[in-house]
Amino acid sequence: MIPLPAAIPDLTPRSPFAETGNDDYLRMISALREADGDPDRLPQPLAMRYRHHLAQNIVKEKVCREVIRRLQEGGVTTALPIKGVHLLQTLYRDVPGIRPMVDIDILVPRADFRKVPAIVRQTPGWHPVMERWLEARSFLAADIVFVTHQITVEVKRDLLLVPLADFGSLFAGAETTLIAGTPVRIPRFEHALLVFLVHHVGDLLHYRRIEPRHLAEFSVMLASFGDIAAFRETCRVLRLERWCDLMFFLIYTFFEHPVVAAADFAIHPVFTCIEKKAGEGLGIRKVYPLLSFLYRQWTLPLLLRNALLFFPKKALKCRPAGKNC
């Protein structure tokens, strides 16, 4: 992996997306590029924001370590920190205040996921979200969410809502690093790229828009990894080549100097569903064709799964007995 200061690409948006240049992450990473990766040379108010993020991230790292330790005590064989915490230990190790972590994301093996509800209920200070349906979520949902120390933690059993790909290689290839002074297993960097690919494209499908910061951060990660062809081959092996093509297409469309070239990906006709939205970045005009393109035979099972989860959420919002929902 190339050190971050050397790997920060030019993240200037193309002229149709110029209004997105005020995105917080885009401003921070671009300012660090100008400062040769030195946080002490950041201009105000970015320098103050950097210190604020740094303080928050130190606390979240400690909570992450405590959560992983408790999961392992409860019988979870491996708990991998992903997304924000992972980046703090790898790409952002020398600039840990570059962005805040909204929550803590931890990936556990599918076989251990059903142990999580009992661990959550038995641990003082862990307050589950959707407590009434906690055990049911271990069968139906892809994650179990709880709050501790006023920080939201998401324990995931999978990166996708249906078994489109086998992510067992993330656990088999995990490496050891220190989080808050404690040895913890984390995914290899190319596997972290897979996590972000699935997460960001999933956000696009769910919210029908993709955030400029997602494209920017993925570009920084890809530039740091350095071998675009190798990453796309990993995606092909895991049957995520179409997901990779979509992400590369978005990056190529959005940035004036994209980290990918036109020869690095295939352009599929379904990409016409992607469009520029007024006053925003890129969004989706019709979501079902893109869902079908990415999930293929798993499209209908995915929609059925989402429908099954909708009713418990609706029930939780109901008022007490005798009153209308």
Side-chain angles (χ1 to χ4, degrees), residues 1-21 23 25-27 29-30 33 91 159-160 164-165 189-205 207-296:
M1 186 174 66
I2 303 171
L4 180 61
I8 299 178
D10 183 347
L11 296 173
T12 303
R14 295 188 189 273
S15 55
F17 310 107
E19 71 273 13
T20 64
D23 176 88
Y25 178 81
L26 270 170
R27 292 178 61 206
I29 195 71
S30 296
R33 184 173 186 264
L91 188 62
L159 300 175
L160 294 166
L164 178 64
F189 195 74
E190 58 265 39
H191 291 155
L193 269 170
L194 282 170
V195 172
F196 276 80
L197 171 70
V198 172
H199 172 69
H200 294 340
V201 173
D203 268 7
L204 172 65
L205 296 173
Y207 298 109
R208 299 197 179 192
R209 71 177 189 276
I210 191 163
E211 301 289 347
R213 59 189 170 87
H214 289 170
L215 297 179
E217 188 163 56
F218 196 85
S219 294
V220 173
M221 293 177 70
L222 200 58
S224 180
F225 181 61
D227 194 337
I228 291 175
F231 175 68
R232 192 167 187 270
E233 175 60 18
T234 300
C235 292
R236 186 195 65 77
V237 171
L238 289 175
R239 295 183 296 175
L240 293 172
E241 187 175 22
R242 295 181 176 194
W243 294 63
C244 182
D245 284 342
L246 176 57
M247 178 58 81
F248 284 8
F249 169 78
L250 292 169
I251 290 171
Y252 188 80
T253 301
F254 190 83
F255 293 110
E256 192 71 39
H257 304 285
V259 297
V260 297
D264 291 328
F265 62 98
I267 297 179
H268 304 270
V270 73
F271 290 172
T272 57
C273 293
I274 305 294
E275 64 180 8
K276 163 96 168 57
K277 292 199 170 183
E280 300 179 14
L282 295 166
I284 305 179
R285 179 165 39 87
K286 295 180 180 179
V287 71
Y288 184 80
L290 207 54
L291 271 175
S292 181
F293 169 76
L294 295 173
Y295 285 97
R296 291 166 286 181

Asker: What is the minimum heavy-atom distance between Thr253 and Phe17, and which atoms define it?
Answerer: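 What the structure gives for the nearest pair is O-CE1, 3.5 Å.
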Asker: Where the side chain of Ser30 meets the backbone of Leu26, is there a donor-acceptor pair that is under 3.5 Å apart?
Answerer: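 Yes; at least one donor-acceptor contact below 3.5 Å.
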Asker: Parallel, tilted or perpendicular for Phe218 and His200, by the 30°/60° rule?
Answerer: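 Perpendicular.
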Asker: Please determine if Arg14 forms a cation-pi arrangement with Tyr252, meaning its NZ or CZ atom is less than 6.0 Å from the six-membered ring centre and no more than 45° off the ring axis.
Answerer: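 Geometry flag: set, cation within 6.0 Å and 45°.
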Asker: Could you tell me whether the side chain of Leu193 reaches within less than 4.5 Å of the side chain of Val198, counting heavy atoms only?
Answerer: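 Side chain of Val198 against side chain of Leu193, heavy atoms only: no contact under 4.5 Å found.
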Asker: Taking the side chain from Ser224 and the backbone from Val220, do they hold a donor-acceptor pair closer than 3.5 Å?
Answerer: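 No; zero donor-acceptor contacts below 3.5 Å.
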Asker: Strictly below 4.0 Å, N to O, side chains only: are Glu211 and Arg209 in salt-bridge contact?
Answerer: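 Between Arg209 and Glu211 there is a salt bridge, with a charged N closer than 4.0 Å to a carboxylate O.
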Asker: Please find the pair of heavy atoms, one from Val260 and one from Phe248, that lie closest to each other, and give the distance.
Answerer: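 The answer is CG2-O, 3.6 Å.
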Asker: Can you tell me how far apart CZ (Arg208) and CG (Asp203) are? Round to the nearest 0.5 Å.
Answerer: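 Nearest 0.5 Å value for the CZ-CG distance: 14.0 Å.
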Asker: If only atom types and distance count, is the side chain of Asp23 paired as donor or acceptor with the main-chain N or O of Thr20 below 3.5 Å?
Answerer: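 Checking the backbone N and O of Thr20 against the side chain of Asp23, no donor-acceptor pair under 3.5 Å is found.
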Asker: Find out whether Leu246 and Phe265 are in side-chain contact, i.e. whether some heavy atom of one side chain is under 4.5 Å from a heavy atom of the other.
Answerer: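 When only atoms from C-beta onward are counted, Phe265 and Leu246 do not touch, as no gap falls below 4.5 Å.
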Asker: Answer yes or no: is there a donor N or O on one side and an acceptor on the other, between the side chain of Ser292 and the main chain of Pro289, under 3.5 Å?
Answerer: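 It does not hold such a pair.
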Asker: Mind listing the closest non-hydrogen atom pair of Ala165 and Leu160 along with its distance?
Answerer: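 Minimum heavy-atom separation between Ala165 and Leu160: N-CD1, 4.1 Å.
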Asker: Kindly indicate whether the side chain of Leu205, heavy atoms from C-beta on, has any atom under 4.5 Å from the side chain of Tyr288.
Answerer: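 With C-beta onward as the side chain, the pair stays apart.
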Asker: Keeping to residues at least two apart or across chains, list the salt bridge (Lys or Arg N to Asp or Glu O under 4.0 Å) pairs with something in residues 242-259.
Answerer: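 Sorted pair list: Arg232-Asp245.
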Asker: Which heavy atom of Leu197 sits nearest to which heavy atom of Leu240, and what is that distance?
Answerer: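 Looks like CD2-O, 4.5 Å.
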Asker: Do you know the tightest heavy-atom contact between Arg296 and Leu164?
Answerer: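 Closest approach of Arg296 to Leu164: NH2-CD1, 3.8 Å.
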Asker: Considering only residues two or more places apart or on different chains, which pairs with a residue in residues 281-294 satisfy salt bridge (Lys or Arg N to Asp or Glu O under 4.0 Å)?
Answerer: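 Those involving residues 281-294 are Glu275-Arg285.
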